[in-house]
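What's counted below: heavy atoms across the whole structure, side chains too, no hydrogens, waters or symmetry copies. What you are looking at is a predicted structure, and each value in this text was computed from that prediction instead of being measured.
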Amino acid sequence: MHVLILGGTTEARRLAAALHPVVRVTSSLAGRVAQPVLPPGEVRIGGFGGAGGLAQWMREHEVGALIDATHPFAGTISFNAASAAATAHVPLLALRRPGWVPGRGDDWHPADSLEQAAGMLPALGRRIFLTTGRTGLAAFAALDELWFLVRSVDAPQPPHPLRMRTLLDRGPFALEDERALLRDHGIDVMVTKDSGGSATAAKLTAAREAGLPVVVVRRPAAPEGVPVARDPGEALQWVRECQAGKWPA
Ligand code: NAP
């Protein structure tokens, strides 16, 4: 069976490593990161040209199972995957890590979008640790009174906040380092997407310990009716069931 994994996440790489070489696996990356960490197996990079292009690619490459293991905030590709799977009659699974849940002592402020998160900041603090990635910084560009520490894998492009320092780094991040980061930069508010997972969760613990408010951007809608695996192990089980014919498209 040929399995296509829509990737760009740690979980996608782990799943590819678990499948390869027993199963033929191709991982697809959007091409946003200059030097991506490549998973084992075959890799293709770049968009498909919408849901129709993805369906055609799957037919041409005789894909028998599709796994949408993209980031929970990659909303478009997940809907394209649902549409393409239906068109090409390929079983589809979403591999999506559960969202974070606030614990005792957390001061979380939910927001429905980056724009709403930006609107909440002036009332919460002055020195912001922005961990929402390098895309979407335009939402914060008009906040000239605030200072931002922006952490991202690749350098951000304008428009972005006027008063900003960039930290180029890629998770996982250790708790000790996150504590030091907040302290050394005098951070008084953090902004994060509800990405979930352990690789970047230490910042939430560090914020809780320091008593800092955290603006948490909620996840966008995901396609309904798609079975969801919470971790690569569950996805592996689904592939086995596909091979046994349990999940006809
Ligand atoms: P998006 O808004 O859902 O997708 C925009 C377009 O990018 C899609 O329509 C598709 O182009 C292409 N694309 C996205 N993921 C792809 C994949 N895995 N393989 C091939 N084409 C892909 O996605 P995004 O938010 O720009 O994220 C892009 C990638 O970065 C995703 O793969 C995601 O896993 C990863 N990522 C995103 C975030 C985030 O916060 N959004 C964080 C970490 C990693 P076509 O329509 O031309 O096929």
Side-chain angles (χ1 to χ4, degrees), residues 8-11 32-33 70-75 78 96-156 159-222 230-231:
T9 58
T10 309
E11 288 78 5
R32 300 281 189 281
V33 177
T70 57
H71 191 272
F73 279 79
S78 294
R96 201 168 294 128
R97 43 178 116 124
W100 289 316
V101 177
R104 199 184 163 98
D106 278 322
D107 180 16
W108 286 15
H109 300 252
D112 285 325
S113 63
L114 292 175
E115 289 71 20
Q116 197 179 67
M120 295 161 75
L121 289 178
L124 291 172
R126 286 284 170 273
R127 296 180 66 82
I128 323 293
F129 183 26
L130 193 53
T131 66
T132 50
R134 76 191 165 101
T135 58
L137 289 186
F140 302 88
L143 297 171
D144 293 348
E145 302 303 309
L146 309 185
W147 181 87
F148 289 85
L149 177 65
V150 172
R151 181 164 67 191
S152 57
V153 176
D154 289 318
H160 54 59
L162 183 69
R163 303 173 63 220
M164 173 181 98
R165 177 164 176 200
T166 308
L167 194 61
L168 298 185
D169 208 350
R170 193 194 308 251
F173 301 108
L175 180 56
E176 275 300 300
D177 297 335
E178 301 292 56
R179 284 184 185 127
L181 205 72
L182 299 184
R183 194 179 52 236
D184 295 349
H185 293 89
I187 299 297
D188 54 16
V189 192
M190 186 189 293
V191 185
T192 181
K193 292 175 175 172
D194 179 14
S195 300
S198 57
T200 59
K203 64 187 174 188
L204 299 170
T205 308
R208 181 191 313 136
E209 288 175 359
L212 300 187
V214 181
V215 178
V216 181
V217 182
R218 290 192 179 102
R219 294 179 173 198
R230 288 166 301 176
D231 56 48

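No side-chain donor-acceptor contact under 3.5 Å links Asp106 to the backbone of Arg208. Of the possible polar contacts, one joining the Arg163 side chain to the Glu145 backbone as a donor-acceptor pair under 3.5 Å is found. The backbone N or O of Asp194 lies less than 3.5 Å from a partner atom in the side chain of Arg219, making a donor-acceptor pair.
Between Thr131 and Thr200, the closest side-chain pair of non-hydrogen atoms is not below 4.5 Å. Within the 4.5 Å cutoff, no side-chain heavy atoms of Leu130 are placed close to those of Met164. Side-chain contact between Leu143 and Pro161 is absent, with no heavy-atom pair separated by less than 4.5 Å. A heavy-atom distance below 4.5 Å is not found between the side chains of Val189 and His109. Leu149 places a side-chain heavy atom less than 4.5 Å from the side chain of Leu181. Contact annotation: the side chain of Phe140 never approaches that of Val150 to less than 4.5 Å [non-hydrogen atoms, C-beta and beyond]. By the 4.5 Å heavy-atom criterion applied to side chains, Pro156 and Thr166 are counted as neighbours. Contact annotation: the side chain of Leu182 never approaches that of Glu209 to less than 4.5 Å [non-hydrogen atoms, C-beta and beyond].
Ser198 contributes atom OG, which lies 8.5 Å from atom CZ of Arg97 (distance to the nearest 0.5 angstrom).
Counting all heavy atoms, side chain and backbone alike, Asp154 lies closest to Ser152 at O-OG, 2.8 Å.
For the ring-ring contact (aromatic ring centres under 6.0 Å, His included) test, residues two or more places apart in sequence or in another chain that qualify with Phe73 are His71.
Taking the charged nitrogens against the carboxylate oxygens, Arg151 and Glu178 do have a contact shorter than 4.0 Å, which makes a salt bridge.
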